[in-house]
Amino acid sequence: MKKLNDVVVDRLCKYMNEKNLTQYKLAMLSGVPFPTIKSIMQRRTNGISLKTIILLSNGLNLTPSEFLDSPDFLADNLDIV
C-alpha cells in the first residue's frame, strides 16, 4: 500500500515525463511555487492540499478528475490511516 503523497508524486512524474516538463516549468505553468513542487517531489511534504492538486492539474493541462483517475487513489489501495 502506498501513501497518498507517493501516489501524487507518481502521477506527477508520469505526466511531467509525457509532457517533457521540468519541476521549474510546472511551477511556472501551475502557479505552485517551485520550492513546494520540489518538496512534493522529494516526498518531504505531508498532506498535499486539494488546491495544490487543482493548480498542478491545471499546469499539466489536465482536469483534477483526469489527474486523480487512477486505481492507485482508491481508498483500498492507499495507506491513509
Side-chain angles (χ1 to χ4, degrees):
M1 301 245 287
K2 289 185 175 182
K3 294 185 182 215
L4 181 60
N5 291 359
D6 292 330
V7 176
V8 170
V9 169
D10 290 347
R11 296 294 281 178
L12 284 173
C13 288
K14 172 190 182 319
Y15 288 114
M16 288 171 64
N17 286 337
E18 284 178 8
K19 298 171 185 289
N20 200 27
L21 294 176
T22 64
Q23 292 176 25
Y24 182 79
K25 182 68 174 177
L26 180 57
M28 296 296 100
L29 293 171
S30 67
V32 175
F34 173 71
T36 301
I37 292 175
K38 184 177 177 183
S39 179
I40 291 169
M41 298 303 283
Q42 292 176 341
R43 293 173 166 80
R44 291 188 289 124
T45 300
N46 291 327
I48 300 167
S49 72
L50 181 57
K51 175 184 174 184
T52 301
I53 296 291
I54 291 168
L55 290 171
L56 290 170
S57 299
N58 187 54
L60 292 166
N61 201 28
L62 300 168
T63 66
S65 300
E66 288 172 312
F67 185 83
L68 297 170
D69 187 18
S70 167
D72 291 338
F73 284 108
L74 295 174
D76 290 344
N77 298 330
L78 288 172
D79 178 11
I80 52 175
V81 179

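Fair warning: this is a prediction, and the values are worked out from it, not measured in the lab. We use all heavy atoms of the structure for the numbers below, so side chains are in, but hydrogens, waters and symmetry mates are not.
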### Message
Go through it in stages, so that I can follow the logic: the residues are K19 and K25, the test is side-chain contact (heavy atoms from CB on, under 4.5 Å), and I'd like the CA-CA distance, side-chain angles, deciding distance and then a yes or no.
### Response
CA-CA 11 Å; K19 298 171 185 289; K25 182 68 174 177; over 6 Å; no
### Message
Is there a path of hydrophobic side-chain contacts, each under 4.5 Å between heavy atoms, that joins I80 and V7?
### Response
yes
### Query
Just how far is it from atom CG of N5 to atom CG of L12, taken to the nearest 0.5 Å?
10.5 Å
### Query
Got a second to check how far L56's CG is from S30's OG, nearest 0.5 Å?
5.0 Å
### Query
Are the side chain of K38 and the backbone N or O of Q23 linked by a donor-acceptor pair below 3.5 Å?
no
### Query
Could you state the interatomic distance from CG (L55) to CG (L50), rounded to the nearest 0.5 Å?
9.5 Å
### Task
Work out which heavy atom in S39 is nearest to a heavy atom in T45; give both atom names and the distance.
OG-OG1, 2.8 Å
### Message
Is it the case that atom CG in N61 sees more than 12 heavy atoms from other parts of the structure closer than 6.0 Å?
### Response
no
### Query
Which pair of non-hydrogen atoms, one from P33 and one from A27, has the smallest distance, and what is that distance?
C-CB, 4.3 Å
### Query
Crowded around K14 NZ? As in, over 12 foreign heavy atoms under 6.0 Å?
yes
### Message
Does any part of the side chain of L4, heavy atoms only, come nearer than 4.5 Å to the side chain of I48, both counted from C-beta?
### Response
no
### Message
I'd like to know if L21 and Y24 are part of one continuous hydrophobic network [Ile/Leu/Val/Met/Phe/Trp/Tyr, side-chain heavy atoms within less than 4.5 Å].
### Response
no
#### Entry: CD1 on I53 to CG on N58, rounded to 0.5 Å
13.0 Å
#### Entry: Heavy-atom check, side chain of R43 versus side chain of K3, under 4.5 Å
no
#### Entry: Sub-4.5 Å side-chain heavy-atom contact between L26 and V32
no
For residues 66-79, please give each side-chain donor-acceptor pair under 3.5 Å, one per line with the distance, not counting sequence neighbours.
| unit_1 | atom_1 | unit_2 | atom_2 | d |
| --- | --- | --- | --- | --- |
| E66 | OE1 | T63 | N | 2.7 |
| E66 | OE1 | T63 | OG1 | 3.4 |
| S70 | OG | D72 | N | 3.1 |
| N77 | ND2 | P71 | O | 2.6 |

